[in-house]
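To start, the structure under review is shown below, and the notes come after it.
First the proteins, then the strands, lettered A, B, ... as listed; each starts at 1.
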2 protein chains.
Amino acid sequence: MEPGGTRISQLRRGVLEFCVLALLAEAELYGFDLVRRLSDVEGLVTSEGTIYPLLSRLRREGWVTTTWAESESGPPRRYYALTEDGRRALGGFTEDWERFRDSVDQLLLKGKP
Amino acid sequence: MEPGGTRISQLRRGVLEFCVLALLAEAELYGFDLVRRLSDVEGLVTSEGTIYPLLSRLRREGWVTTTWAESESGPPRRYYALTEDGRRALGGFTEDWERFRDSVDQLLLKGKP
DNA sequence: TCGGGTACCGTGCAACGCATGGAACCGGGT
DNA sequence: ACCCGGTTCCATGCGTTGCACGGTACCCGA
């Protein structure tokens, strides 16, 4: 299938980033684990090719910090932790999301309750 | 500001298209009017530079048909009408949107009811 | 020793919103 | 008579970001 060809992958744009922040708000996680956790959520399935560039961006923005830790079953893991800036960004986005979601609902579900 | 630089403009991706279809599901409208109507909805403000390429896509997909009509106050208008295919596409997306919205809500609002 | 699971990462493409700019028509103010 | 602003259409190019693809390296069981 052509890349970005599905409707859903367009929906993910700009949201995935903050879904990752939301997961990191509860616990420090590493990249590979984030992929697995997102796969458990309908419509958010993604791959390493998406996650790692995304995590690099988050680091560049100063929204996460990272620490290395050994693993018992493979190469070392890089754990990501939310910064105070990251928490603020997540809060700001959440407000934007709620407004946006309501607007789209209003247009899309007008006539089908 | 850099284009596409805001969080919101990324959210609009892939959604705007179907918001336009939703508006056309109620009445035939022309491009300039669509811009005004979307500006009335929080988070969906857009411009002609966005709408016209989008409408071209919809035509190419066969989701809308167009008819010209004179205007009393300016150049002629091109009115857009939803096709049966367009209505089906809108229905399909609406289902996808509901699932996606619930997933994001679940992640983002976990802990803040 | 060899394959498969774990774990990291970069490069290049495609989609789409938007800034920018251009064209043509109309009416009102100076 | 002339220009300016509103209306209405459209095309071109850029930036962001998800994803396909490919690469490296470690560990373990068959």
[X] [atom1] to [N] [atom2], straight-line distance once rounded to whole Å:
| X | N | atom1 | atom2 | result |
| --- | --- | --- | --- | --- |
| B:Arg78 | D:dT7 | CZ | C1' | 16 Å |
| B:Phe32 | D:dT7 | CZ | P | 5 Å |
| B:Leu58 | C:dC16 | CG | P | 10 Å |
| A:Arg60 | C:dC9 | CZ | P | 13 Å |
| A:Leu21 | D:dT17 | CG | C1' | 15 Å |
| B:Leu34 | D:dT7 | CG | C1' | 15 Å |
| A:Leu11 | D:dT17 | CG | P | 16 Å |
| A:Glu61 | D:dT16 | CD | P | 10 Å |

Nearest heavy-atom approach of B:Ala22 to A:Leu107 is CB-O, 3.7 Å

What's the shortest heavy-atom distance between B:Ile51 and B:Gly31, and which atoms?
CG2-O, 4.1 Å

Rounded distance [0.5 Å steps], OG in A:Ser103 versus CG in A:Leu108:
11.5 Å

Within the structure, does a side-chain N or O atom of [X] lie under 4.0 Å from either OP1 or OP2 of [N]?
| X | N | result |
| --- | --- | --- |
| B:Arg77 | C:dC26 | no |
| B:Thr50 | C:dC18 | yes |
| B:Tyr30 | D:dC9 | no |
| B:Arg7 | C:dG17 | no |
| B:Thr46 | C:dC18 | yes |
| B:Ser71 | D:dT8 | yes |

Compare the minimum distances between each of [options] and the side chain of [X], then state the nucleotide with the smallest one.
| X | options | answer |
| --- | --- | --- |
| A:Arg59 | C:dC9, C:dG17, D:dT8 | C:dC9 |
| A:Arg57 | D:dT8, D:dT17, C:dA7 | D:dT17 |
| B:Pro53 | D:dG18, D:dT16, D:dT12 | D:dT12 |
| B:Pro75 | C:dC9, D:dT8, D:dC19 | D:dT8 |
| B:Trp68 | D:dG18, D:dC9, D:dT12 | D:dC9 |
| B:Arg36 | C:dA19, D:dT7, D:dG18 | D:dT7 |

Need to verify one output field. Residue with the more 5' nearest nucleotide on DNA chain C, A:Arg13 or A:Gly31?
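With A:Arg13 and A:Gly31 compared, the 5'-side residue is A:Gly31.
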
On DNA chain C, nearest-nucleotide positions of B:Ile8 versus A:Tyr79: which is more 5'?
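Counting from the 5' end, the first nearest nucleotide belongs to A:Tyr79.
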
Ignoring hydrogens and angles, are the base of C:dC16 and the side chain of B:Glu17 linked by a donor-acceptor pair under 3.5 Å?
no

Donor-acceptor pair under 3.5 Å: do we get one between B:Glu72's side chain and the base of C:dC26?
no

Side-chain contact, heavy-atom cut-off 4.5 Å: A:Phe32 with A:Arg78?
no

Are B:Glu17 and B:Phe93 packed together at the side-chain level, in the sense that at least one heavy-atom pair is separated by less than 4.5 angstrom?
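No; the side chains remain at least 4.5 Å from each other.
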
Across the strands shown, which category fits B:Phe18 at heavy-atom distances under 4.0 angstrom: base, sugar-phosphate, nothing?
nothing

Output yes when a side-chain donor or acceptor of A:Thr83 lies under 3.5 Å from a complementary backbone atom of A:Trp63, and no otherwise.
yes

